[in-house]
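The structure under discussion appears below in the form of structure tokens.
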Amino acid sequence: MSTAPAPAAPAGTLAPAATSQGRTARTRGTARRRARGACAALMAPFFVLLVLVFLVPVGGAVYLSFFSDDQPGLGFGPERTVFAGLRSYEAVLTDPTFLAGLGTTALYCLIYVPTMVALALLLALLLDSGAARLRRTAQLSLFLPHAVPGIIAAVIWLYLYTPGLSPVVELLGKGGISLDLLGVDTVLPSLVNIAMWSNLGYNVVIFYAALQAVPRELTEAALVDGAGPVRTALRVKVPLVRSSGVMVVMFTLIWSLQLFTEPMLLSQATPVVGGRYTPNMYIYDAAFTRNNYGLAAAASVVLLAVTVALSYGLSRWSNRDSRTGGPGEEGLG
């Protein structure tokens, strides 16, 4: 017994399955367009600020660095702006004061960055472990100095550093300890102390928030395996907040390379800190004391290049180390 063939679809019409697939494809395309539009709307303010606050000033500095003000006629003629090419960059990179400022900043970073990261992580671990009593009060006490503007903090510490005004120096003198906190060998640690006081609490909050996200099952399992609090912190918690540590190191490094406010104020109280003590102070002096805006722009571009290179190198090193399973991830064995 033969069966009759199914009637063919009328000409110009699609099968139901093809119609459904086409409708699904159109729906997906509409959803993608809406998602892209939403992403563009949400990201637009960021890119507008990026262009206005970063790219435009950087472009202006790069453009300005290729020009200089020249006065013909032995300096008695009218001042004019002329194209100088790379002359300003050559002047910056061969200036001993600028190179000395870079060296000072590098030494400052070598002292400040490791100390800041280690102390912030230690305090965050103590807060997370519950070893610190009155945890809320401790968090507020650590973060409160960060709310103080940097220039106010520098003024406070300048008062505490200045002999004849400082109660700290006076108290040490009564105890037979003569200490010049603004001397040649102590002014850099004094600057580090100001920065530590101002920014420690902020970094503690970053580490503490990361530690709060660590699964408690891991720490409990480590304790069951016989690991003590110190070993649990070093072998379980610290590796899991490694990304936050990299972020703290990067932000602290970038801030350190922009050191300006604290040494500028301390320069009013000690001859050890000159007007070109750091690269930022060199830029300020070139622009507003010597009125050499081309030189200041060139120094700004050089400092930006150093900052970007160090940040990029740190990011690449962190990514490569994480792919190879960095230290501390081999377990508790």
Side-chain angles (χ1 to χ4, degrees), residues 46-113 188 191 195 249-267 271-320:
F46 166 77
F47 284 109
V48 169
L49 289 176
L50 176 67
V51 171
L52 295 179
V53 178
F54 182 74
L55 296 181
V56 171
V58 168
V62 172
Y63 174 81
L64 190 61
S65 66
F66 292 110
F67 294 87
S68 65
D69 294 329
D70 186 27
Q71 285 185 324
L74 300 178
F76 296 102
E79 187 175 80
R80 61 181 183 179
T81 301
V82 297
F83 181 76
L86 299 176
R87 189 173 65 189
S88 296
Y89 290 97
E90 181 182 359
V92 167
L93 295 175
T94 57
D95 192 336
T97 56
F98 181 79
L99 298 178
L102 282 178
T104 300
T105 304
L107 182 59
Y108 174 86
C109 291
L110 288 176
I111 299 174
Y112 173 61
V113 176
L188 199 60
L191 288 172
V249 172
M250 185 174 296
F251 286 170
T252 305
L253 179 63
I254 293 173
W255 183 90
S256 301
L257 293 173
Q258 300 173 359
L259 184 63
F260 176 78
T261 303
E262 294 82 1
M264 178 61 75
L265 283 177
L266 263 61
S267 67
V272 175
V273 181
R276 308 174 193 176
Y277 189 70
T278 67
N280 268 342
M281 293 177 67
Y282 179 93
I283 295 167
Y284 179 88
D285 178 77
F288 301 108
T289 302
R290 292 178 281 170
N291 295 322
N292 193 337
Y293 299 107
L295 185 69
S300 301
V301 174
V302 171
L303 181 60
L304 174 64
V306 171
T307 304
V308 170
L310 290 176
S311 301
Y312 177 75
L314 177 62
S315 178
R316 287 295 300 271
W317 171 82
S318 171
N319 292 335
R320 183 173 64 248

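Bear in mind that the values here come from a model prediction, so they are computed numbers and not experimental data.
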CZ (F83) with more than 12 external heavy atoms under 6.0 Å =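 Yes, the 6.0 Å shell around CZ holds more than 12 heavy atoms from other groups.
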
Should L102 and T105 count as side-chain neighbours, where that means a heavy-atom distance under 4.5 Å? no

Supply the atom-to-atom distance [X] [atom1] to [Y] [atom2], rounded to the nearest 0.5 angstrom.
{"X": "W317", "Y": "Y312", "atom1": "CH2", "atom2": "OH", "result": "15.5 Å"}
{"X": "L188", "Y": "L107", "atom1": "CG", "atom2": "CG", "result": "5.0 Å"}
{"X": "Y284", "Y": "S300", "atom1": "OH", "atom2": "OG", "result": "14.0 Å"}
{"X": "T278", "Y": "F98", "atom1": "OG1", "atom2": "CZ", "result": "10.0 Å"}
{"X": "L259", "Y": "C109", "atom1": "CG", "atom2": "SG", "result": "8.5 Å"}

Might you point out which heavy atoms bring [X] and [Y] nearest each other, and give the distance in Å?
{"X": "P57", "Y": "V53", "result": "CG-O, 3.1 Å"}
{"X": "S68", "Y": "A84", "result": "OG-CB, 3.7 Å"}
{"X": "A286", "Y": "L295", "result": "CB-CD2, 4.2 Å"}
{"X": "Y277", "Y": "L191", "result": "CE2-CD1, 3.9 Å"}

Using atom types as modelled, flag every donor-acceptor pair under 3.5 Å from a side chain in residues 249-258 to any protein atom, sequence neighbours excluded.
from, atom 1, to, atom 2, distance (Å)
T252, OG1, V248, O, 2.6
S256, OG, T252, O, 2.7

Of T261, V273, T104, the one forming a side-chain contact (heavy atoms from CB on, under 4.5 Å) with M281 is V273

T97 and D95 side chains, donor-acceptor separation under 3.5 Å | yes

Open item on the list: Closer than 3.5 angstrom, by distance alone: can the side chain of S267 be matched with the main-chain N or O of M264 as a donor-acceptor pair?
Closed with: yes

**Study point:** Main-chain N/O of L314 paired with S318 side-chain donor or acceptor, under 3.5 Å
**Key:**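 Between the backbone of L314 and the side chain of S318 there is no qualifying donor-acceptor contact (under 3.5 Å).
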
Residues at least two apart in sequence or cross-chain that pass side-chain contact (heavy atoms from CB on, under 4.5 Å) with Y89, listed by chain then number, are S65, F66, L86, A298, V301, V302

